[in-house]
Amino acid sequence: MENQNSYFSKLLKSGKTVKKQVALYLDEAKIERIDMIVKQFSTISDARSFSRNTLIEEAIDKFLEESEKFLLEEHGLDIDMLLEEERSKKYDTVIFSSTGRGFEEVFLGESEHACWYPCKISDIREPDLEYIAIYRGTPVSAITHYARIKEFRKERRRGENGEYEEYKVCYFEGKAVELPHKITLGNKPSIFFRGGGGKYTFLESLLNAKKADEIVFDKS
């Protein structure tokens, strides 16, 4: 009871902190109960800005605290250490987009040696990349294949305007591999993959996703 009382005391005295906005969906019954609790807390709170968000944020903080303690004590899993390991991982996969017959003719090698270009990748990124995947535009609107990267070369190739330009070309080690299932857009807009720049992720994340919004992307 003492720990519980100290928790609510802290809750009632807490003020605003910087938070990142996320969407949270709750059924109407839960929202109704939360709002009633908030209304009652507001009458006895020392904080000027007590709100529904305050209650939810504090509840999440308590959940995190208890969960991390349980994982560490019962299973030897240190969340701080796991987060550091995750942050130190290098993004090993790049995803580009294609339109028309570019995917079949170039990536699958129907009209030339299988490769992909243009690859607008910085020299700093290159050493970390091991795989390349393509988001295919309409009517497919999905990521369906990936390939292991053998090397990048700078070559003169004919562009869409018919003139030759120097491009960075990605050659594969073996043939493209079909994913276990198509990765559709989900809640991601199709424009997310468009343009010359690639999107960086992990192959593990790609293989485990069924929708693009389930993939872990580099936010830098």
Side-chain angles (χ1 to χ4, degrees), residues 20 82-220:
K20 181 177 181 181
L82 291 171
L83 283 171
E84 284 300 317
E85 290 177 0
E86 190 70 26
R87 291 171 187 141
S88 67
K89 286 182 180 178
K90 302 294 185 181
Y91 291 92
D92 62 3
T93 302
V94 61
I95 304 173
F96 289 103
S97 64
S98 74
T99 56
R101 290 278 302 165
F103 174 80
E104 291 83 0
E105 293 177 357
V106 183
F107 197 84
L108 296 185
E110 290 184 2
S111 64
E112 60 178 296
H113 187 79
C115 65
W116 191 253
Y117 68 93
C119 293
K120 294 183 179 179
I121 298 171
S122 69
D123 293 340
I124 296 174
R125 288 276 194 181
E126 270 191 41
D128 297 329
L129 294 175
E130 298 180 38
Y131 303 94
I132 182 172
I134 303 296
Y135 169 76
R136 300 163 66 181
T138 53
V140 179
S141 300
I143 304 167
T144 59
H145 293 68
Y146 72 97
R148 189 175 184 89
I149 296 170
K150 181 180 180 181
E151 62 178 336
F152 291 97
R153 298 183 202 162
K154 288 184 179 179
E155 299 179 354
R156 287 184 62 79
R157 296 248 177 172
R158 191 188 296 273
E160 293 181 357
N161 59 6
E163 298 181 2
Y164 280 91
E165 297 180 39
E166 185 173 81
Y167 294 110
K168 186 176 286 189
V169 183
C170 176
Y171 285 96
F172 312 150
E173 189 176 292
K175 295 181 179 179
V177 179
E178 187 170 5
L179 288 164
H181 40 253
K182 292 181 179 180
I183 301 176
T184 58
L185 283 170
N187 292 322
K188 286 282 186 189
S190 59
I191 195 171
F192 177 78
F193 290 105
R194 291 178 191 166
K199 300 296 182 181
Y200 299 93
T201 184
F202 307 109
L203 180 66
E204 179 183 4
S205 181
L206 189 72
L207 294 177
N208 290 326
K210 292 185 179 179
K211 297 178 181 179
D213 49 9
E214 297 172 350
I215 300 173
V216 176
F217 289 104
D218 182 9
K219 296 183 176 67
S220 62

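Residues take their numbers from the sequence shown, with the count starting at 1. None of these values were measured; they are calculated from a predicted model.
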Discussion item. Taking ring-ring contact (aromatic ring centres under 6.0 Å, His included) as the criterion, tell me which of Y91, Y131, Y146 meets it with F202.
Written reply: Y91
Practice prompt. Assign the ring pair H113 / Y171 to parallel, tilted or perpendicular, where the plane angle (0 to 90°) is split at 30° and 60°.
Written response: tilted
Discussion item. Over 60° means perpendicular and under 30° means parallel, so tell me whether Y135 and F193 are parallel, tilted or perpendicular.
Written reply: parallel
Smallest separation among heavy atoms of [X] and [Y], with atom names:
{"X": "G100", "Y": "E104", "answer": "O-OE1, 3.9 Å"}
{"X": "L179", "Y": "I143", "answer": "CD1-O, 3.5 Å"}
{"X": "A212", "Y": "F217", "answer": "O-CE1, 3.5 Å"}
{"X": "L185", "Y": "P189", "answer": "CD2-O, 4.1 Å"}
{"X": "F107", "Y": "A133", "answer": "CZ-CA, 4.5 Å"}
{"X": "W116", "Y": "S98", "answer": "CH2-CB, 3.4 Å"}

Closer than 3.5 angstrom, by distance alone: can the side chain of [X] be matched with the main-chain N or O of [Y] as a donor-acceptor pair?
{"X": "N187", "Y": "D213", "answer": "no"}
{"X": "T201", "Y": "V216", "answer": "yes"}
{"X": "T99", "Y": "G137", "answer": "no"}

Fill in: cation_pi(K199, F192) dist<6.0 Å, angle<=45
yes
Worksheet entry | Test side-chain contact (heavy atoms from CB on, under 4.5 Å) applied to C115 and E155, step by step | CA-CA 12 Å; C115 65; E155 299 179 354; over 6 Å; no
Got a second to check how far [X]'s [atom1] is from [Y]'s [atom2], nearest 0.5 Å?
{"X": "L129", "Y": "C119", "atom1": "CG", "atom2": "SG", "result": "9.5 Å"}
{"X": "I95", "Y": "L206", "atom1": "CD1", "atom2": "CG", "result": "5.0 Å"}
{"X": "D92", "Y": "R148", "atom1": "CG", "atom2": "CZ", "result": "9.0 Å"}
{"X": "R153", "Y": "C170", "atom1": "CZ", "atom2": "SG", "result": "10.5 Å"}
{"X": "Y164", "Y": "R157", "atom1": "OH", "atom2": "CZ", "result": "9.5 Å"}
{"X": "N208", "Y": "I183", "atom1": "CG", "atom2": "CD1", "result": "9.0 Å"}

Discussion item. With a 4.5 Å cut-off on side-chain heavy atoms, are F96 and I121 touching?
Written reply: yes
Taking only residues two or more places apart in sequence or in another chain, which ones pass side chain to side chain contact (heavy atoms under 4.5 Å, CB included) with [X]?
{"X": "T138", "value": "S141"}
{"X": "D128", "value": "K90"}
{"X": "K210", "value": "H181, E214"}
{"X": "D123", "value": "E126, K168"}

Fill in: Trace of the side-chain contact (heavy atoms from CB on, under 4.5 Å) decision for F103 with T144
CA-CA 10 Å; F103 174 80; T144 59; 3.8 Å; yes
Worksheet item: Should we count NZ of K188 as having more than 12 external heavy atoms under 6.0 Å?
Response: yes
Item to complete: Begin from the C-alpha positions of E130 and L203 and carry the test side-chain contact (heavy atoms from CB on, under 4.5 Å) through to its verdict.
Response: CA-CA 9 Å; E130 298 180 38; L203 180 66; over 6 Å; no
Discussion item. Taking ring pair (Phe, Tyr, Trp, His ring centres under 6.0 Å) as the definition, give me every residue that meets it alongside Y200, ordered by chain and number, with sequence neighbours left out.
Written reply: none
Fill in: Residues that E110 engages under side-chain hydrogen bond (donor to acceptor under 3.5 Å, both in side chains), provided they are two or more places apart
R101
